[in-house]
Amino acid sequence: MAQSTLIWAALALLLVSSALGSSDVPFIVAHKKASLTRLKSGAERVSVSIHIYNQGSSTAYDVSLTDDSWSQDVFDIVSGNTSNSWERLDGGGLLTHSFELEGKTKGLFYGAPAVITFRIPTKAALQEAYSTPILPLDVLADRPPEKKFEGAKRLLAQYGSLISVISFMVLFVYLIVTPSKSNAGKGSKKKR
């Protein structure tokens with residue numbers, strides 16, 4: 001019973017989203033991404049980027065982004081702002097906003113989705129959209145030191161197939177260019 005209800009709800013959502021996406025209104029989709037970078041000083045930076053797509057066919061006006069999930073008790077803003085606004089986002093267009101924070105408190109952080117508001121000329125009320133949430137960030141976590149061969153393992157994983165192909169090509173060229181010992185011996189017997 002629960003499965004059939006979920007299936008019907010998913011189908012209804014799909015129909016509504018396809019109807020909105022094909023009609024003459026903006027359809028805002030936002031993706032929020034955050035990554036951690038450990039600095040040599042022991043501090044940790046959080047780089048946040050939010051991409052706002054207008055999948056609809058008409059323009060969204062007075063687009064505003066607010067990402068208030070970064071508490072000032074836990075993070076300091078290093079560069080950029082956690083909010084921004086744009087005059088418009090055309091149909092099929094993309095807006096990107098980035099900022100950088102520095103973690104002050106050790107612990108697991110769960111960030112909420114960013115809120116995007118925009119205006120449609122045919123409606124009086126502001127419209128709202130939400131970004132995707134981020135995965136939990138383990139800020140200032142104790143990480144074991146990188147092992148001696150971790151860098152080599154990553155290189156091998158990334159370039160291993162390329163190294164194999166080049167090695168086979170070099171071996172093939174070597175075998176073709178270098179005369180074999182059996183051919184060298186036959187040539188000396190014929191000269192006698």
Side-chain angles (χ1 to χ4, degrees), residues 1-39 41 43-141 143:
M1 184 72 177
Q3 280 184 324
S4 64
T5 305
L6 284 174
I7 291 172
W8 282 110
L11 286 174
L13 182 62
L14 181 65
L15 290 173
V16 168
S17 67
S18 66
L20 286 175
S22 63
S23 64
D24 193 27
V25 295
F27 184 69
I28 303 297
V29 177
H31 176 66
K32 179 178 172 180
K33 183 171 61 171
S35 61
L36 291 171
T37 304
R38 180 69 57 112
L39 303 176
S41 64
E44 198 157 36
R45 294 269 170 98
V46 181
S47 300
V48 181
S49 63
I50 303 168
H51 303 286
I52 305 169
Y53 304 91
N54 182 352
Q55 299 293 327
S57 57
S58 66
T59 302
Y61 294 95
D62 301 328
V63 179
S64 178
L65 164 73
T66 306
D67 189 7
D68 288 336
S69 62
W70 308 97
S71 171
Q72 292 180 350
D73 296 337
V74 181
F75 297 100
D76 283 331
I77 296 175
V78 176
S79 65
N81 294 312
T82 58
S83 62
N84 200 358
S85 60
W86 300 268
E87 186 178 317
R88 63 190 290 153
L89 176 56
D90 294 325
L94 164 69
L95 296 172
T96 300
H97 180 67
S98 299
F99 54 93
E100 196 169 60
L101 308 160
E102 188 168 312
K104 297 191 294 187
T105 306
K106 180 180 177 178
L108 204 57
F109 176 75
Y110 298 91
V115 179
I116 297 95
T117 58
F118 58 98
R119 188 175 52 80
I120 300 173
T122 58
K123 295 186 179 181
L126 276 176
Q127 306 297 305
E128 268 190 2
Y130 297 93
S131 73
T132 56
I134 59 170
L135 294 173
L137 298 172
D138 200 357
V139 179
L140 298 171
R143 293 186 181 90

On the 0 to 90° scale, with breaks at 30° and 60°, tag the H31-H51 ring pair as parallel, tilted or perpendicular. parallel
To the nearest 0.5 Å, what is the distance between [atom1] ([X]) and [atom2] ([Y])?
{"X": "T82", "Y": "W70", "atom1": "OG1", "atom2": "CH2", "value": "10.0 Å"}
{"X": "I28", "Y": "Y53", "atom1": "CD1", "atom2": "OH", "value": "12.0 Å"}
{"X": "D67", "Y": "N81", "atom1": "CG", "atom2": "CG", "value": "11.5 Å"}
{"X": "F109", "Y": "D138", "atom1": "CZ", "atom2": "CG", "value": "12.5 Å"}
{"X": "L39", "Y": "E44", "atom1": "CG", "atom2": "CD", "value": "8.0 Å"}
{"X": "I134", "Y": "S69", "atom1": "CD1", "atom2": "OG", "value": "6.0 Å"}

Which pairs would a plain distance check flag for residues 98-105, meaning a side-chain donor or acceptor within less than 3.5 Å of a matching protein atom at least two apart in sequence or in another chain?
| residue | atom | partner | partner atom | Å |
| --- | --- | --- | --- | --- |
| E100 | OE1 | R45 | NH1 | 3.4 |
| E100 | OE2 | S47 | OG | 3.3 |
| E102 | OE1 | R45 | NE | 3.1 |
| E102 | OE1 | R45 | NH2 | 3.4 |
| K104 | NZ | Q72 | O | 2.7 |
| K104 | NZ | D76 | OD1 | 3.3 |
| T105 | OG1 | D73 | O | 3.4 |

Does a side-chain heavy-atom distance below 4.5 Å link I52 with L89? yes
State, with a plain yes or no, whether a side-chain heavy atom of D62 is found less than 4.5 Å away from one of F118.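 A side-chain contact is absent here, since even the closest heavy-atom pair is not under 4.5 Å.
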For the student: nearest non-hydrogen atoms of S131 and K32, plus distance: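 Heavy atoms of S131 and K32 come nearest at OG-CB, 3.5 Å.
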Identify the heavy atoms of V46 and A34 that sit nearest to each other, and give their distance.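 Looking at all heavy atoms of both residues, the shortest contact is CG1-CB, 4.2 Å.
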Partners of R88 by salt bridge (Lys or Arg N to Asp or Glu O under 4.0 Å), sequence neighbours excluded?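 Salt bridge (Lys or Arg N to Asp or Glu O under 4.0 Å) check on R88 returns D90.
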Residues that K106 engages under salt bridge (Lys or Arg N to Asp or Glu O under 4.0 Å), provided they are two or more places apart: D142
Taking only residues two or more places apart in sequence, or in another chain, which ones meet S83 in a side chain to side chain donor-acceptor pair (under 3.5 Å)? none
Can you name the residues that form a side chain to side chain donor-acceptor pair (under 3.5 Å) with Y61, not counting sequence neighbours?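 With neighbours one apart ignored, the set is empty.
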Taking CG in L135 as the centre, count heavy atoms belonging to other residues, nucleotides or ligands within less than 6.0 Å. Is the count above 12? no
Please enumerate all residues that pass side-chain contact (heavy atoms from CB on, under 4.5 Å) together with P133, with sequence neighbours excluded.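 So P133 forms a side-chain contact (heavy atoms from CB on, under 4.5 Å) with P113.
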Test your reading of the model: is there a side-chain donor-acceptor pair from N54 to the backbone of G92, 3.5 Å cut-off?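 Such a contact is absent between N54 side chain and G92 backbone.
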